[in-house]
Amino acid sequence: MNRTIYCGLVDESYFGQEVCLKGWVQKRRDLGNLIFIDLRDREGIVQLVFSQEFGPEALEVADSLRSEYVIEVKGKVVPRDDDAINSKMKTGKVEVEIHDVKLLNKAKTPPFYIENGINVSDDLRLKYRYLDLRRPEMQKSLITRSKITQAIHRYLDENKFIDIETPYLTKSTPEGARDYLVPSRVYPGHFYALPQSPQLFKQLLMGAGFDRYYQVARCFRDEDLRGDRQPEFTQIDMETSFMTAEEIQDLTEGLLQRVMKETLGVEMTLPLPRMIWNEAMDRYGSDKPDIRFGMELTDMADAVKNVDFKVFKTILEKGGQVKAITVPNGAEKYSRKDIESKQEYIKRFGAMGLAWLKVTENGFSGPIAKFFKNDVENIKKAANASVGDLILFVADKRKVVADALGYLRTSIANELDMVDKTKFAFLWVVDWPLFEYSEDFHRYIAAHHPFTMPNEEDIDLLSTDPHKAHAQSYDIVLNGYELGGGSIRIHQREIQEKMFKALGFTKEKAEDQFGFFLDALDYGFPPHGGLAIGLDRFAMLLSGKDNIREVIAFPKNSKASEPLTDAPSTVAQKQLDELHLDTTEE
RNA sequence: GGUCCUAUGGUGUAGGGGUUUAUCACGCCUGCCUGUCACGCAGGAGAUCGCCGGUUCAAAUCCGGCUAGGACCGCCA
């Protein structure tokens with residue numbers, strides 16, 4: 001018999017009706033000659049009642065049912081007595097009197113409860129992922145993810161975007177992240193690479209005249225994992241021809257607005273705020289600031305430059321920064337010990353120490369307060385601090401100051417519950433530096449990627465002072481996460497060649513790696529630009545999770561392995577032979 | 001590549017050299033129970049304390065190594 005309806009959707013409109021339900025036994029409550037069973041499917045849970053009067057045989061079967069058994073039942077939907085209504089359940093006003101039950105499959109006792117908020121290791125959850133995914137919150141997260149992609153497909157289709165697939169087996173490029181390599185059987189010693197993103201292909205599609213392209217594209221990067229990073233992840237990849245950066249941003253805002261509306265019912269006001277990269281770094285110490293709370297960084301150089309405190313003086317003389325954040329009412333909340341543990345933490349960003357002052361009725365307190373006796377008002381004013389506040393100073397190179405104070409700002413805001421968790425704070429960060437210096441390679445590398453268009457007025461800097469150049473690039477930030485990013489691309493060979501040169505490529509190397517692309521630019525390539533949104537992070541944030549594993553059906557663990565299938569694994573010698581591969585022991 | 005943390009019945013935990021026959025809760029099994037929904041009641045089973053080695057009269061407990069997992073730095077154009 002066909003299923004009449006999902007368990008979670010049985011309501012008053014079914015009163016008196018005969019229904020057939022199929023699902024998993026959530027819980028059996030056996031009162032002897034009366035048995036209640038909660039039956040679960042993807043839409044929720046409904047209570048089944050078994051007793052002699054509804055079906056003696058069904059009652060007998062119900063006696064043998066256990067958690068996670070799969071059953072099919074037939075019965076009548078009835079209202080519950082007033083005193084039996086369960087207001088905690090969506091289906092709490094109804095129950096189904098069962099006269100017929102069929103056992104479809106038995107189940108072992110699962111290693112953890114199939115319910116929300118379980119407290120077990122991720123390792124165990126991943127090993128039994130098919131059970132983990134039965135849990136309502138996991139179903140909800142993956143359904144939210146599906147709603148997001150569906151809303152995106154609709155919006156981009158309505159806006160004349162064409163969905164085009166690009167290859168997964170492609171050419172390795174040394175720039176950027178480490179590639180996942182796939183050995184070629186046909187060409188000994190040759191390898192494909194899995195794409196880090198479809199970047200060049202989508203640009204070529206612009207060259208081909210498709211004008212608006214998009215793809216829900218899997219990307220692969222062989223780098224170490226984090227809570228918001230998996231070796232394979234999904235991007236909403238877009239590219240358009242003939243549009244300015246602002247036009248692309250507007251179009252993207254429309255997309256985000258649509259997604260927020262259709263998945264969470266949240267209305268979003270446009271346009272979104274835009275902040276230049278420099279300002280984000282200065283005010284928040286981050287290129288992806290969480291603007292749901294204040295506690296911004298303040299420059300303390302002027303206020304402390306005449307103070308006889310050697311640490312600050314030396315740093316300022318060497319051209320470094322002295323900046324601070326002021327923790328509202330932080331003097332009481334943070335003990336000396338708490339602050340010392342923060343100091344310990346920020347050492348990993350290269351900070352030498354963490355100076356602090358507590359603002360009291362009569363000046364400052366704290367180990368270094370004595371140095372600032374004569375500058376209390378100045379410093380309070382510069383830090384915008386009042387009695388009861390805690391001022392945290394970091395003095396160092398710009399990057400260290402930004403990293404350390406940026407971290408302190410967000411960690412303290414979370415500890416003091418200053419973050420409005422119901423908010424979705426989107427923000428564009430624009431005008432990024434084109435290059436950054438790599439300590440590893442001892443040269444400049446592309447901050448975004450080598451195809452990013454410099455600002456028009458900075459093009460000449462490519463040959464003279466590349467590090468001063470800024471880019472026509474933009475990141476979309478949500479609640480302190482980099483949600484996506486894009487740029488206007490270079491569409492003229494001459495500029496692209498200058499770019500490669502600035503990156504330290506020889507002509508031969510540029511030709512070898514990207515010759516096919518340079519050639520393409522010769523054949524009437526349109527101006528173009530685009531953007532990619534990290535779908536996993538987006539789904540994570542809209543599901544209120546703090547790890548993208550929660551919105552990926554079968555993710556890798558933090559060591560890049562998959563406990564369920566036990567990948568990666570060794571392979572047969574024959575396979576290696578076919579691929580002309582030899583392996584060495586560690 | 002580096003730093004830090006964790007490992008005890010199915011699950012989550014207590015115990016930090018000998019009062020241990022290893023604590024508690026949930027789960028599981030058996031029986032009883034017609035209005036439960038954290039059902040209740042009575043009883044029961046279930047652990048070579050991650051692995052290897054060392055210290056010691058004695059190690060779940062202390063030390064070292066290994067393995068597995070987690071967080072972070074580097075890395076992630």
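Here is the naming used below: chain letters follow the sequence lines, and residue numbers restart at 1 for every chain. In what follows, every heavy atom counts, from backbone to side chain, and hydrogens, waters and symmetry copies are set aside.
In summary, the side chains of A:Asp237 and A:Tyr213 do present a donor paired with an acceptor at a separation below 3.5 Å, with no hydrogens or angles considered.
Of the charged side-chain nitrogens involved, none lies within less than 4.0 Å of a carboxylate oxygen, so that A:Lys399 and A:Glu436 do not count as a salt-bridged pair.
Base pairing analysis places B:U3 opposite B:A71; the two distances defining the Watson-Crick or G-U wobble pair are each below 3.5 Å.
Annotation: cation-pi pair A:Arg348/A:Tyr345 present, NZ/CZ under 6.0 Å from the ring centroid and within 45° of its normal.
With hydrogens and angles left out, the side chain of A:Glu53 and the base of B:U34 share no donor-acceptor pair within 3.5 Å. For A:Arg80 against B:C37, a side-chain-to-base donor-acceptor contact under 3.5 Å is present. Judged by distance alone with a 3.5 Å cut-off, a donor-acceptor contact links the side chain of A:Asp30 to the base of B:C33.
Classified by interplanar angle (parallel below 30°, tilted 30° to 60°, perpendicular above 60°), the ring pair A:Tyr128/A:Tyr130 is perpendicular.
The side chain of A:Asn33 lies closest to B:U34 when the candidates are B:C37, B:U11, B:U34. Out of B:C37, B:C76, B:U34, the shortest distance to the side chain of A:Leu34 is found at B:U34.
The CG atom of A:Leu392 sits 6.0 Å away from atom CD1 of A:Ile339, with the distance rounded to the nearest 0.5 Å.
Taking atom C1' on both B:U8 and B:U48, the two are 12 Å apart, rounded to the nearest angstrom.
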For nucleotides 68-75 of chain B, 5' to 3', base contacts (B), sugar-phosphate-only contacts (S) and non-contacts (-) with protein non-hydrogen atoms under 4.0 Å give -BSSSBBB
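Glycosidic conformation of B:G46 is anti; the angle lies outside 90° of 0.
Using a 4.0 Å cut-off, some side-chain N or O of A:Lys27 falls inside it from OP1 or OP2 of B:C39. Remark: A:Arg66 is in phosphate contact with B:C29, judged by side-chain N or O atoms under 4.0 Å from OP1 or OP2.
Applying the side chain to side chain donor-acceptor pair (under 3.5 Å) test between A:Arg134 and each of A:Gln26, A:Glu115, A:Gln139, A:Glu68 identifies A:Glu68 as the sole match.
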